[in-house]
Amino acid sequence: MTDDAAPHISFATRHRKVLLGGFSVAIFFIAWQATFLFVPFNPLFISKPNLILDSFVEMLFSGDLLHDLAVSGVPFLYGFTAAVVVGVSVGVVMGWRVRVGYALDPLMTVFYASPLVALAPLVIVFFGVGVSGKAIIIFLLSVFPFIFNTAAGVRAIDRLLINVVRSMGGTEKDLYLKVIVPGVLPYIVAGARIAVGRGLIGILVGEFFAASEGIGYAIARFGDLFALDKMFACILAIMIIAVVLTEGIRWAERAAFPWRIGQ
Amino acid sequence: MSESHALKADIAADDDLVTPGRTGWQRFESTLYGAGSIVVLLLVWEIVPHLITISAGTKLFFTTPSQIGGTLWTMFATGTIWKPLGVSASGFSLGLVLAIAVGLPLGVLIGRSRTLNAMFDPFITAFNATPRLVFLPLLMLWFGLGLGSKVVIVFIGALFPILINTYEGVRNTDRVLVNVVRSFGASEWDVARLVVVPNAMPYIIAGLRLAIGRAVLGVVVAEFFGSESGLGVMMVQAAGRYQVAVVFAGLIVFAALSLAMTALVQILENRLSRWRPQHAGNE
């Protein structure tokens, strides 16, 4: 925001954005709740905020929600870690070796542009409905942001900086710690932000298909059971996690790489 | 501004694929390597079953590029592809058109009004971070197993890239231009029509490109879980019957759909930005 918050400006003006945002969220939920004072409430079709909150709290304290989240978290962790490792290594090579970049760029673009989610039924049939199948779907979806962003980061490193470090007698270690890692890391973290969203899609697709537990399975099952309050509670949980992850990474970016702001 | 970050990162993910300023030889070299690697991959894939013996169990899951090509050819020659493709394409286009019809005006509105921006921001941040797929079971309850739920899932998938990019483009409009038009007595509608939207066009186009990807994704998942017909349904059924070539053929058709739409947007972009002075020198 461009407006400077000078000290003499009133509290309401200074926090206008947050206040207005909170106000509209409150209005939204109040309107949702109040609608059913006038409209007949059909629990098989829609739920009410107070019922959703009750289910959320109940599932949180009974441990069901945490159990499902933990079950989904394991393949996410495996798939995402593999995506980081593979994506960053491939990206570094693609960015560093010009000809490797030429060779892999179109191929990777084709993969990135095609809806790889479409391979999910095949992956599930091949690897089963357990951890490995889900982890592979998550890996497939989240590896490409890492590849492209790492390659872009390596390409964006100023060759002059490398020469300066070398001229000043810097070792390879200095080169990596002072130039390459600080240069590439912001790109990788930005890639991670995109990859998190795709990884979450991977979990949901994997578990909607075939699973016996997990948060995606819970949403699908509560939908089948017409337990809409519980279904909304699970959706709420996913929303909270997604926002915390994306905004958390964004916050970490701002804190760790302040020189990147505004770029 | 949190949205601007998302926008730039998203654009970067697409646009960094093009490295500018290559000489003739470099361009030739890059094409050679690029095409070469794809050809090599296809060849290796094709001859693997001839080199090593694949066990009968694995063979069920294995296919070759020639089989996939043959399947595609048969599907188009016999015309079996048209019906599912038509179902998928109608869901895709209806959802995308709706997303543009809502996202564009809403983006302009919240870009022009600080109050509206502050009020919509929490919702946009929350829905944009959440994979819209979580709403699929709910949408299936509300809209049934047909076109309805598919259109809605495509719509909510494609809405946010368009909305956020339009907003961002509107925010970056030159204040001077707005003030000039206003001084000449323009209404808010005129400002939007004459200054804001034309200026935001590159952002909107970039958002549209992202939206196409999201829309294809929406069609695929909607058909996987809650449809009776369409390409996605065809693929799930094929995977269940171990017809791997059909799954890959479907993937290729989806990819082609998304590439064709992206090319269309590119043409649109060239047409719409013809008046831009800095654009004349490029390309």
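Each chain gets a letter, A, B and so on, in the order its sequence line appears, and its residues count up from 1. Just the heavy atoms: all of them, side chains too, but no hydrogens, waters or symmetry mates, feed the values below.
- Of the residues Val221(B), Leu251(B), Val219(B), Leu257(B), the one that meets the side-chain contact (heavy atoms from CB on, under 4.5 Å) test with Pro115(A) is Leu251(B).
- Ranked by heavy-atom pairs under 4.5 Å with chain B, the first of Gly101(A), Ala103(A), Gly22(A), Ala242(A) is Ala103(A).
- With rounding to the nearest 0.5 Å, the separation of OG1 in Thr125(B) from CD in Glu247(A) is 5.5 Å.
- If you measure heavy-atom distances from Met239(A) to chain B, the contacts under 4.5 Å come from both the backbone and the side chain.
- Only the side chain of Leu228(A) has a heavy atom closer than 4.5 Å to any heavy atom of chain B.
- Atoms CD and CZ, on Glu29(B) and Arg99(A) in that order, are 4.0 Å from each other to the nearest 0.5 Å.
- The contact between Thr115(B) and chain A is made by backbone and side chain atoms together, counting heavy-atom distances below 4.5 Å.
- For the residue pair Gly34(B) and Pro106(A), the shortest heavy atom distance occurs at CA-CG, 3.5 Å.
- Between Trp142(B) and Ile46(A), the closest side-chain pair of non-hydrogen atoms falls below 4.5 Å.
- For the atom pair CZ of Phe248(B) and CG of Leu119(A), the computed distance is 5.0 Å after rounding to the nearest 0.5 Å.
- Using a 4.5 Å cut-off between heavy atoms, Phe222(A) makes no contact with chain B at all.
- Across Phe224(B) and Val117(A), no two heavy atoms sit closer than the pair CE2-O, 3.5 Å.
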List the atom pairs, with distances to 0.1 Å, where a side-chain N or O of residues 130-138 of chain B and a protein N or O form a donor-acceptor pair under 3.5 Å, not counting sequence neighbours.
from: Thr130(B); atom 1: OG1; to: Ala126(B); atom 2: O; distance (Å): 2.6
from: Arg132(B); atom 1: NH1; to: Phe127(B); atom 2: O; distance (Å): 2.7
from: Arg132(B); atom 1: NH1; to: Asn128(B); atom 2: O; distance (Å): 3.4

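- Taking the six-membered ring where the residue is Trp, Phe123(B) and Phe28(A) present perpendicular rings, their angle passing 60° and hence far from 30°.
- For Phe126(A), the parts lying near chain B are the backbone and the side chain together; criterion is any non-hydrogen pair under 4.5 Å.
- Contact of Glu223(B) with chain A is not made at all, since no heavy-atom distance falls under 4.5 Å.
- Using bins of under 30°, 30° to 60° and over 60° for the plane-to-plane angle, the ring pair Phe208(A)/Phe225(B) lands in the perpendicular bin.
- Within the 4.5 angstrom heavy-atom criterion, only side-chain atoms of Thr246(A), from C-beta onward, approach chain B.
- No side-chain donor-acceptor contact under 3.5 Å links Ser114(A) to the backbone of Ala255(B).
- Chain B forms the most heavy-atom pairs under 4.5 Å with one residue out of Leu200(A), Leu122(A), Val243(A), and that residue is Leu122(A).
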